[in-house]
Amino acid sequence: MFVAYFRTAAFVLLMAAAGIVAVLAKGGVMTAGAAEIIRLPKPATEGEMSLEKTLAERRSVRNYADEALSLRQISQMLWAAQGETDSRGFRTAPSAGALYPLEVFVAAGNVENLSPGIYRYNPETHELAQTSEGDRRKELCRAALNQSAASRAPAVFVFGAVFERVTGKYGKQGIKYAFMEAGHAAQNLCLQAVSLDLASVPMGAFDDKTIQSILNAEKDIRPVYLVPVGKAAK
């Protein structure tokens, strides 16, 4: 319990450095100034679809139905991408030296019980912290060279990398390791989406600086991947 408390406190202090202060408990949501910290539903570790079936059915889909995602679905996909699976802090995706350079954000536009905005995932506490208010999907679409999937999907997952976390140990090779890790994490997310009867498409073409601005993230977080997710249009 004390470990969870201090992890939450550390995350709040991190967000305070980005201008988020005065955290107030409010049910499953803690408000922090104009922002929110969302306690996500506990992720499942067993499912109805086999790994083999998710591999067989995964496809890149760019057209989505006008249907909201649930907070539980968002929770499950975040956990699949970067969730902790061990008391030592190990995660669902492998990481060189267990240094974990990735940061995962969600641009929520049509998610039940989640206000439109940009949210940052904390794997240690399985929580989201809002970094920007309002629906930013159209801005993401423009930054992604007008790839319409980014505006059509009810949510877009954004993977960022802090290269310094790995280059300190591995030198320039660490940059390659960070990109590899983003691939591992994104594939986890895409396969989890299939198991939830959802569709996704990984996207790598975008303007880095514009994405950084939309995320309201620190300058050392470099965007490396966008993954829109939603129910496939029929």
Side-chain angles (χ1 to χ4, degrees), residues 1-44 67-84 91 100 102-141 143 150-151 153-160 162 185 189 192-193 196 198 210-221 223 226-230:
M1 182 176 68
F2 290 107
V3 172
Y5 171 81
F6 285 116
R7 283 177 172 176
T8 301
F11 189 53
V12 170
L13 288 172
L14 175 64
M15 300 314 298
I20 298 173
V21 294
V23 174
L24 173 66
K26 184 181 178 183
V29 176
M30 290 187 291
T31 60
E36 294 179 337
I37 294 180
I38 311 296
R39 297 189 182 101
L40 294 168
K42 184 178 179 180
E67 295 183 21
L69 294 178
S70 71
L71 191 59
R72 185 167 296 279
Q73 288 171 325
I74 294 291
S75 168
Q76 192 67 37
M77 288 185 283
L78 285 167
W79 175 83
Q82 279 288 281
E84 288 198 352
R91 300 183 185 178
Y100 301 113
L102 299 186
E103 295 286 342
V104 186
F105 297 78
V106 182
N110 188 12
V111 179
E112 296 172 355
N113 301 313
L114 192 63
S115 301
I118 303 292
Y119 297 84
R120 184 174 182 170
Y121 179 53
N122 181 354
E124 293 185 344
T125 60
H126 196 58
E127 294 174 340
L128 288 174
Q130 190 177 56
T131 64
S132 179
E133 295 182 333
D135 189 350
R136 313 298 295 275
R137 291 175 297 168
K138 289 184 179 180
E139 295 172 66
L140 285 174
C141 177
S151 61
V156 181
F157 294 81
V158 183
F159 291 85
V162 181
L189 191 157
Q192 183 72 81
L196 298 171
L198 299 172
T210 303
I211 298 292
Q212 275 183 319
S213 176
I214 294 169
L215 296 179
N216 195 24
E218 299 92 314
K219 292 183 179 180
D220 62 349
I221 299 178
L226 305 184
V227 185
V229 178

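These figures come from a predicted structure and were not determined experimentally.
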Non-neighbouring partners of A155 that pass side chain to side chain contact (heavy atoms under 4.5 Å, CB included), sequence neighbours left out: L69, I74, V106, V111
Look at the side chain of [X] and the backbone N and O of [Y], then say whether any donor-acceptor pair between them is shorter than 3.5 Å.
X    : Y    : answer
N216 : T131 : yes
Y100 : R91  : yes
Q82  : E103 : no

If I compare all heavy atoms of [X] with all of [Y], which pair ends up nearest, and what's the gap?
X    : Y    : value
G83  : Y121 : CA-OH, 3.7 Å
A153 : P228 : CB-CB, 3.6 Å
G117 : Q130 : CA-NE2, 4.2 Å
S75  : P43  : OG-N, 4.4 Å
R137 : D135 : NH2-OD2, 2.7 Å
A108 : S115 : CB-O, 4.3 Å

Measure the [atom1]-[atom2] distance between [X] and [Y] for me, rounded to the nearest 0.5 Å.
X    : Y    : atom1 : atom2 : value
I118 : E133 : CD1   : CD    : 11.5 Å
K42  : H126 : NZ    : NE2   : 10.5 Å
L198 : S70  : CG    : OG    : 8.0 Å
W79  : E84  : CH2   : CD    : 12.0 Å
E127 : L78  : CD    : CG    : 12.0 Å
L71  : R39  : CG    : CZ    : 13.0 Å

Check: E67 and P154 side chains under 4.5 Å, non-hydrogen atoms: no
side-chain contact (heavy atoms from CB on, under 4.5 Å) between L226 and I211, intermediate numbers included: CA-CA 10 Å; L226 305 184; I211 298 292; 4.3 Å; yes
